[in-house]
Amino acid sequence: MNTSPIIEFKNISKKFGDFFANEEITFSILPNTVHSLIGENGAGKTTLMKILFGIYKQDSGHIYINGNPVSFKNPLDAIMNNIGMVHQHFELIDDFTALENIVLGDEESDYGFLNLNKSRKVLIDIIAKYNLGINLDEKVCNISISEKQKIELLKLLYRKSEILIFDEPTAVLSPIEVEEFFKIIRKFKEEGKTILLITHKLNEIKELSDSVTVLRKGKVVYEVGSDALDISVLSREIVGELETVIDLNIRGDVKSEEPYIELNNIVYKHEKASALNGVNLSVYGGQIYSICGVEGNGQSEIVDLIAGITRKSSGSIQMKYDGISLVPDDRLEKGMVKEFNTGENVLLRNNKSKYISSSKIYDTAKAVVDKYDVRLPALNAPLESLSGGNQQKVIFGREIELDNNIMVFVHPTRGVDINATAYIHKIILEQRNKGKAVLLVTSDLDEALKLSDKIGIIYKGLIGKEFTRNEFDESTDKRNRVLQNIGKAMIGVNSD
Amino acid sequence: MELTVTKKVKANILSTSISLVATIIILFVFLYLVGKDPFEVMQKMLTEVFGTGYGIGQAIFKATPLIICGCGLAFCFQASLFNIGAEGQLNLGVFVMSIVAYMFDDYLGIFILPIAVAIGFAVSAFWGFIPAYIKIKRGVSEVITTIMMNFISLALINYFLIEFLAVKSTVRTEKILDVISIPKLSVFSDYFEGSSANLTFFFAIALAAATYFIFYKTSFGYKLRAVGLNPKASRYLGINTNKMTVIAFMIGAGITSLVGLNFVFGYKGYYEYGFSNNLGFTAIAVTLLAKNNPIGIIFTALLFGIMDYGGLSVNTLVPKEIMLVFQALVILSILSFDRIIKIYYLKEK
């Protein structure tokens with residue numbers, strides 16, 4: 001191809017304190033391609049995109065769009081130049097309808113009066129064209145995550161973006177929704193749009209990308225086109241060297257006689273809608289039980305009930321032991337106080353005395369940091385200054401050290417880099433082998449298959465099908481069929 | 001791995017200092033525009049305050065209740081409860097405190113002091129409990145309820161005072177016995193001759209130190225601040241956030257009643273309608289300026305005390321209401337500079 005690049009990054013550097021988030025980044029993206037930007041968490045992908053999008057300003061270097069140097073002062077500037085971005089965390093107003101959310105900031109009006117119908121016509125065409133299946137009049141608080149993502153997408157299409165940036169778009173989607181998402185992306189490409197995909201899922205790259213740029217520790221370490229794409233080379237380039245190798249086959253038979261967690265016919269109603277419709281669930285000591293399913297089918301309600309955050313409407317919950325260790329799904333919102341430092345965050349949960357001295361904070365932090373290999377700028381740095389993976393290690397360490405017999409892990413490796421993921425998996429397995437009851441809630445099927453002794457599929461507030469390890473173990477020949485059945489169960493289709 | 005002074009601490013000090021400088025500059029320009037010589041006003045004020053022991057004493061006297069009330073408010077603010085009701089809470093507490101004191105001082109003598117203070121504390125704490133309860137049961141913002149409670153509180157006091165308790169043709173209660181009063185500083189040193197400053201000032205300092213210790217050195221304080229910073233996470237961490245809201249509100253409101261030590265026991269010997277003179281609102285500025293840090297509150301309260309007495313002393317040059325302008329400017333500038341510092345110094349967005 002001899003077309004000139006649509007976006008060029010030249011020597012982009014960005015420092016936070018003494019830390020280079022981006023260092024001399026140079027690469028270019030050709031028009032009408034799917035370009036993947038991959039790397040571990042903290043590799044600098046998101047920072048770079050925020051620079052492109054005018055949220056951050058680079059310390060040095062230049063960005064060229066269609067050969068012209070640009071420097072966006074804010075996201076609006078970028079949007080005016082037909083660049084759109086779907087962030088990891090959606091920015092929607094719950095009480096507005098889909099339509100209101102989409103047009104917000106770019107409304108059509110007649111003599112100062114809002115004219116939603118004009119926009120509606122435009123949007124109906126777009127929805128039909130890409131087969132998005134969105135009800136424009138539904139309030140955003142009532143719709144699923146994948147639909148929210150589509151609304152974010154529609155925002156970009158409505159504003160006629162030609163360059164679309166996606167930050168980890170599939171992290172929150174089920175396998176089937178991912179397929180759907182891929183179709184939409186391919187359609188975009190046919191339309192002549194340019195897509196920039198930030199991800200760390202290798203299969204997505206293989207399936208979609210025309211070209212790939214790998215970032216590691218803020219630098220470009222590897223670039224490759226789809227013709228020469230080799231997944232094993234790619235994964236090595238992303239990680240550098242893998243630090244933790246786990247042997248998943250070390251699992252002793254330590255299953256307890258009685259279940260540690262037992263839910264019987266749990267019904268939970270929330271604002272008239274029923275979130276749980278008679279859930280039965282038993283988790284034994286020495287067992288990893290995974291609840292798998294598309295997000296929003298009742299997983300978080302089960303966790304909140306077990307953790308005692310909310311109360312059930314009916315049914316019974318039996319817990320063999322008091323006190324659970326809980327790693328919640330949203331670490332920033334539920335897992336920590338980001339302004340507090342490591343030691344303070346640990347002591348908040350795990351402290352028996354009435355007084356807290358500086359030395360105690362220091363010692364506590366040091367213990368967790370050493371034992372769980374946390375990397376941080378300074379021992380008393382606020383937790384928000386750590387990378388996602390390291391924050392997760394702190395929360396993990398804190399909960400494991402509580403040494404409760406019941407442990408609940410919710411999306412434990414979401415947004416966590418490959419090394420930290422392997423490490424967290426190792427810890428989870430260790431806890432199982434120590435005889436603890438582990439309840440794992442995940443939407444990452446690979447993770448569930450790797451770790452679980454039993455998988456329960458949740459759909460519309462009900463755990464329907466359960467699968468045991470001997471059904472989906474890698475050694476069994478039925479595995480493919482079982483995997484298909486799991487996939488079907490996740491979207492509520494009855495299997496044979 | 002070494003420890004570093006967190007940038008946040010530096011940022012806090014920076015934003016407080018810049019706000020003060022900016023406020024003073026605006027004030028100077030303002031004075032100049034109304035045809036006064038700002039330097040003359042400033043000089044007069046400083047010599048009036050610092051030139052005599054009386055001036056210093058009066059500044060201390062004005063600062064004392066601000067420290068106490070500020071500590072109370074800090075309890076609420078640290079838990080992210082924006083208590084605007086200190087004015088009502090402290091008036092009710094001090095009112096009851098002085099009634100108890102003069103009614104039983106004949107029988108109990110000096111022992112009535114702790115009893116009256118405890119009862120006043122409890123009454124204010126109860127007045128703080130109501131908005132806390134409404135908040136956790138019905139989710140009503142404490143900003144609304146505490147403002148409304150101020151009106152109720154002052155109306156109640158007015159009614160009981162005028163109808164039953166006031167000394168004839170005044171708006172004050174009967175005087176307590178002199179033996180129960182808290183000694184003035186002038187008793188110990190002639191330097192403070194004539195000023196109303198009393199030992200309550202040292203109590204206020206001790207209170208601030210104790211409050212600091214609670215916030216930063218106890219498990220309870222950490223939980224309180226955690227609830228303020230991230231209530232959702234606090235629930236998941238196993239903290240009873242509703243209980244924390246109630247405790248913070250009750251202790252905070254209760255502490256505001258202790259300003260009665262300074263006014264009733266240390267100065268007048270009785271409760272007088274309107275004695276607080278918007279103290280409960282001024283203390284909001286004092287506390288915000290100190291970033292809810294009790295040690296900081298000592299200094300910001302002293303600053304406000306100086307400005308308050310200084311304002312009175314230059315009343316012949318400029319109306320003393322200029323000090324209200326000063327307070328408002330401080331709040332506005334601290335809010336704006338916080339934001340600016342966040343963006344340009346901490347590089348947050």
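Protein chains get the first letters and strands the later ones, always in sequence-line order, with residue 1 at the start of each. These numbers were taken from a predicted model, which means no experiment stands behind them.
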Item checked: For G335(A) against A233(B), the heavy-atom pair lying closest together -> N-CB, 4.1 Å
Next item on the list: Measure the acute angle between the ring planes of F213(B) and Y355(A), then classify it against the limits of 30° and 60° as parallel, tilted or perpendicular.
Entry: tilted
Item checked: For S219(B) against I356(A), the heavy-atom pair lying closest together -> CA-CD1, 3.7 Å
Notebook entry, point to check: Is chain B contacted by the side chain of S385(A), its backbone, both, or neither, given a heavy-atom distance below 4.5 Å?
Noted result: neither
Check: More than 12 heavy atoms of other residues, nucleotides or ligands under 6.0 Å from CZ of F203(B): is that the case?
Finding: yes
Note to self: Using every non-hydrogen atom in the two residues, find where L237(B) and R349(A) come nearest and quote the distance to one decimal.
What the structure shows: O-NH1, 3.4 Å
Item checked: I239(B) portion near chain A, given a 4.5 angstrom heavy-atom threshold -> side chain
Check: Given a strict heavy-atom distance threshold of 4.5 Å, which part of L326(A) is in contact with chain B: side chain, backbone, both, or neither?
Finding: side chain
Margin query: Looking only at heavy atoms and a cut-off of under 4.5 Å, which of E399(A), K360(A), E333(A), M336(A) has the most pairs with chain B?
Written below: E333(A)
Check: Does L347(A) reach the side chain of Y222(B), with side-chain heavy atoms less than 4.5 Å apart?
Finding: no
Check: Which one of D304(A), V327(A), D329(A), D330(A) satisfies the side chain to side chain contact (heavy atoms under 4.5 Å, CB included) criterion with Y236(B)?
Finding: D304(A)
Next item on the list: Using non-hydrogen atoms and a 4.5 Å limit, figure out which bit of L332(A) sits close to chain B: side chain, backbone, both or neither.
Entry: backbone
Next item on the list: Determine whether more than 12 heavy atoms belonging to other residues, nucleotides or ligands lie under 6.0 Å from atom CZ of F126(B).
Entry: no
Checklist line | Y133(B) atom OH, neighbour heavy-atom count above 12 within 6.0 Å | finding: no
Next item on the list: Could you tell me the separation between the NZ atom of K334(A) and the CG atom of N230(B), rounded to the nearest 0.5 Å?
Entry: 11.0 Å
